[in-house]
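Written below as structure tokens is the structure these notes are about.
Everything numeric here is computed off the predicted structure, so don't read it as measured data.
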Amino acid sequence: MTTLAQEPYERATGRPEGYATHDVTNQPPPLAPYDACDDTALLEGVRREGAGWAEDGLRRLGRRAGSVEAQEWGDLANRHEPELRTHDRYGNRVDEVEYHPSWHRLMREAVGEGLAGAPWADGRPGAHVARTAGSLVWGHTEAGHGCPTSMTYAAVPALRAAPALAEVYEPLLTAREYDPGLRPAAEKRGLLAGMGMTEKQGGSDVRTNSTAATPTAEPGVYALRGHKWFTSAPMCDVFLVLAQAPEGLSCFLVPRVLPDGTRNTFRVQRLKDKLGNRSNASSEPEFDGTVAWLVGPEGRGVKTIIEMVNCTRLDCVMSSATLMRKTLVEAGHHVRHRSAFGARLLDQPLMRNVLADLALESEAATTLTLRLAGAADRAVRGDAGEAAFRRIATAVGKYWVTKRGPAFTAEALECLGGNGYVEESGMPRHYREAPLLSIWEGSGNVNALDVLRALGRSPAAGHALFEELALARGADPRLDAAVARLRTGLTGASESGARRLVELMALALQASLLVRHAPPAVADAFCATRLGGDWGHSFGTLPDTADLGGILARALPATG
């Protein structure tokens with residue numbers, strides 16, 4: 001009840017006296033709803049790489065991704081983490097993982113939009129580019145559910161090494177139907193695929209795997225016995241698994257449910273307590289008499305599954321680029337609405353320098369991601385030159401773009417100050433997510449050394465890279481000088497210097513793309529800083545000559 005003493009305050013302010021100290025001022029409004037597809041560099045790249053036909057769908061998906069509802073799904077899926085249920089109430093082993101309903105909503109949208117295996121069934125040129133662009137947009141919701149969609153996408157070309165299996169499973173892996181629950185494949189409208197490669201004794205050194213595959217009386221069917229160390233999304237329907245057969249390390253298809261409806265032995269020992277990616281369950285499964293079908297020849301497991309790795313590495317680049325863009329949008333929205341020392345943060349020179357520097361990094365990552373997707377699309381259609389370029393450039397991009405992610409998200413978080421350090425902002429979740437992309441599908445060292453192997457084993461790969469760089473020859477002297485340094489560095493390249501060499505490859509490749517396709521403000525600032533040395537050791541150290549206004553006008557969407 002209002003007292004007589006409170007009435008004058010209420011009449012003057014319109015608020016109850018009890019709230020006198022809680023006026024909310026100088027805080028930005030919620031970002032959502034916003035358009036996650038409002039990204040000039042992304043849309044230009046989509047058109048350039050042959051998927052302009054997908055633009056209307058991407059714009060619709062962008063509005064959906066930035067909606068209040070979809071953003072809330074991402075938050076809830078991470079606050080209510082998956083839970084392992086090893087047994088039912090009667091003591092029967094079930095090995096099921098339960099997810100929050102928001103996870104299933106995110107998955108249903110992603111699969112329905114063709115972000116899993118659908119491009120392999122789409123005959124249109126640019127289908128793989130459209131799928132990558134859709135993931136760049138839909139990834140603004142949250143990152144964890146991108147793991148099963150990525151593995152499903154990547155499993156299809158590897159499974160084609162066993163045509164009889166592909167005939168059965170590929171139509172369901174490429175379907176746009178999310179149909180959760182463990183049931184025989186014949187009873188489902190769509191399937192998801194995972195992978196089981198690493199083991200506790202080896203990690204990336206999969207040739208040391210100790211899981212054993214014993215042939216059964218049925219041709220092509222084996223029994224597996226062993227333990228995997230990091231198998232994500234254990235509720236997928238099928239898994240591609242590496243195990244030691246009589247002729248050596250081989251690739252196998254392991255279904256969670258056998259064709260007769262019985263559960264295959266897939267004992268989930270525990271879920272990982274991870275730094276980030278917490279909406280997505282990662283598990284340690286144990287195989288003991290687990291039924292598996294051989295995929296590809298015995299002893300050729302790495303060669304069989306390498307196509308899957310190429311696809312998931314591209315998705316690591318894509319996911320890092322998505323995190324960069326998402327956190328840049330969050331930072332830009334905050335500084336547009338927040339004031340300090342008498343002016344909006346966005347209008348203050350040093351903050352503009354920080355944001356412009358982040359914008360350069362984000363555009364370079366997005367542009368390279370779409371170029372890699374274009375190479376993958378054309379390689380699938382038989383372009384040998386693009387296949388060679390993809391072989392080396394995907395590893396280069398995986399090394400560099402994913403390395404830039406943690407520093408980028410930390411700087412974007414700092415733009416929000418203390419507001420960015422609290423969980424409600426969402427920025428801590430993005431920050432925790434960022435290191436994963438550098439670790440998944442081979443750490444930085446693994447990818448840097450893979451680049452050296454590609455150069456040694458496939459001269460066409462190195463030739464394709466320099467052909468790509470030559471398309472920008474003469475456009476910027478700093479780029480020309482970097483390419484010359486790169487040629488010199490390839491002579492006598494050593495393992496200990498692999499990171500330095502691959503970093504230069506990545507920067508030269510990004511610069512060549514921006515020089516050819518981005519406005520002068522973006523290309524000049526990138527070349528001056530990343531290649532010309534006119535840069536500090538942190539973001540926000542662009543030179544005074546950089547066109548900050550031109551960079552920001554292109555990069556920041558019109559939010560709020």
Side-chain angles (χ1 to χ4, degrees), residues 30-77 102-122 124-150 152-153 174-178 190 192 279 314-315 317-330 333 362-363 365-367 369-370 373-374 376-377 426 430 555 557-559:
L31 172 61
Y34 73 103
D35 183 357
C37 192
D38 188 4
D39 182 351
T40 302
L42 182 145
L43 292 173
E44 289 179 354
V46 166
R47 298 172 197 135
R48 187 168 58 246
E49 299 298 338
W53 51 264
E55 186 170 332
D56 288 345
L58 288 172
R59 290 181 180 275
R60 174 185 49 75
L61 185 60
R63 293 188 292 271
R64 183 68 168 146
S67 69
V68 173
E69 182 181 39
Q71 291 295 306
E72 184 179 20
W73 291 344
D75 177 57
L76 289 172
S102 292
W103 166 273
H104 296 295
R105 294 186 181 110
L106 290 163
M107 286 295 301
R108 186 164 288 109
E109 294 277 345
V111 175
E113 292 290 339
L115 306 186
W120 300 105
D122 191 329
R124 289 174 292 182
H128 296 269
V129 177
R131 182 253 171 195
T132 298
S135 299
L136 283 163
V137 170
W138 185 246
H140 280 236
T141 55
E142 75 94 40
H145 75 291
C147 178
T149 59
S150 177
T152 302
Y153 170 68
T174 59
R176 293 179 179 241
E177 293 277 354
Y178 175 60
L192 296 175
S279 68
L314 171 57
D315 278 9
V317 183
M318 175 270 294
S319 295
S320 285
T322 303
L323 274 175
M324 290 182 189
R325 180 61 188 175
K326 169 64 172 174
T327 54
L328 175 65
V329 170
E330 294 275 5
H333 177 74
S362 176
E363 177 158 350
T366 296
T367 302
T369 297
L370 292 168
D377 192 90
H430 305 320
T559 60

Report summary line: The reported gap from OG in S320 to CG in D315 (rounded to nearest 0.5 angstrom) is 11.0 Å
**Report entry** Exercise: identify the closest heavy-atom pair between E69 and R64
**Finding:** OE1-NH1, 2.8 Å
Query raised in the report: From E363 CD over to M324 CE, what is the distance, rounded to the nearest 0.5 angstrom?
Result: 13.0 Å
**Report entry** Heavy-atom pair with the smallest gap, counting every atom of L115 and S135
**Finding:** CD2-N, 3.8 Å
Report summary line: Residues A133 and L42: closest non-hydrogen pair is O-CD1, 4.4 Å
**Report entry** CZ-OH distance between R131 and Y153, expressed to the nearest 0.5 angstrom
**Finding:** 5.5 Å
Query raised in the report: For L192 and M107, what are the C-alpha separation, side-chain angles and deciding distance, and is it a side chain to side chain contact (heavy atoms under 4.5 Å, CB included)?
Result: CA-CA 10 Å; L192 296 175; M107 286 295 301; 3.6 Å; yes
Report summary line: Those residues at least two apart in sequence (or on a different chain) that pass side-chain contact (heavy atoms from CB on, under 4.5 Å) with R105 are W73, P101, S102
Query - Summary of salt bridge (Lys or Arg N to Asp or Glu O under 4.0 Å) pairs that have at least one residue in residues 139-148, sequence neighbours excluded - result: none
**Report entry** Any donor-acceptor pair under 3.5 Å from Q71 side chain to Y34 backbone
**Finding:** no
Report summary line: In terms of heavy-atom contacts, A77 and L106 come closest through CB-CD1, 4.0 Å
Query raised in the report: About how many Å separate CE of M318 and OG of S150, when rounded to the nearest 0.5 Å?
Result: 6.5 Å
Report task. Determine, for D38 against R325, whether the closest basic-nitrogen to carboxylate-oxygen distance falls under 4.0 angstrom. Result -> no
Requested in this report: Would you name the heavy atoms of G126 and D377 that are closest together and state the gap between them?
Outcome: N-OD2, 2.9 Å
Requested in this report: Please tell me if the side chains of H140 and L323 come closer than 4.5 Å, counting only heavy atoms from C-beta onward.
Outcome: no
Report task. Can you spot which of E49, R47, R48 makes a side-chain contact (heavy atoms from CB on, under 4.5 Å) with V129? Result -> E49
Query - From CH2 (W53) to CG (L58), nearest 0.5 Å - result: 8.5 Å
Report task. Please work out which of the three classes, parallel, tilted or perpendicular, describes the rings of H128 and W120, given edges at 30° and 60°. Result -> perpendicular
Query - Partners meeting ring-ring contact (aromatic ring centres under 6.0 Å, His included) with H430 (sequence neighbours left out) - result: none
Requested in this report: Taking the side chain as every heavy atom from C-beta outward, state whether R60 and E113 have any atom pair closer than 4.5 Å.
Outcome: yes
Report task. Determine, for E177 against R108, whether the closest basic-nitrogen to carboxylate-oxygen distance falls under 4.0 angstrom. Result -> no
Query - Nearest atoms (heavy-atom pairs only) where P557 meets V329 - result: CG-CG2, 3.9 Å
Requested in this report: Starting at CG of L370, measure out to OG1 of T132 and round the result to the nearest 0.5 Å.
Outcome: 7.0 Å
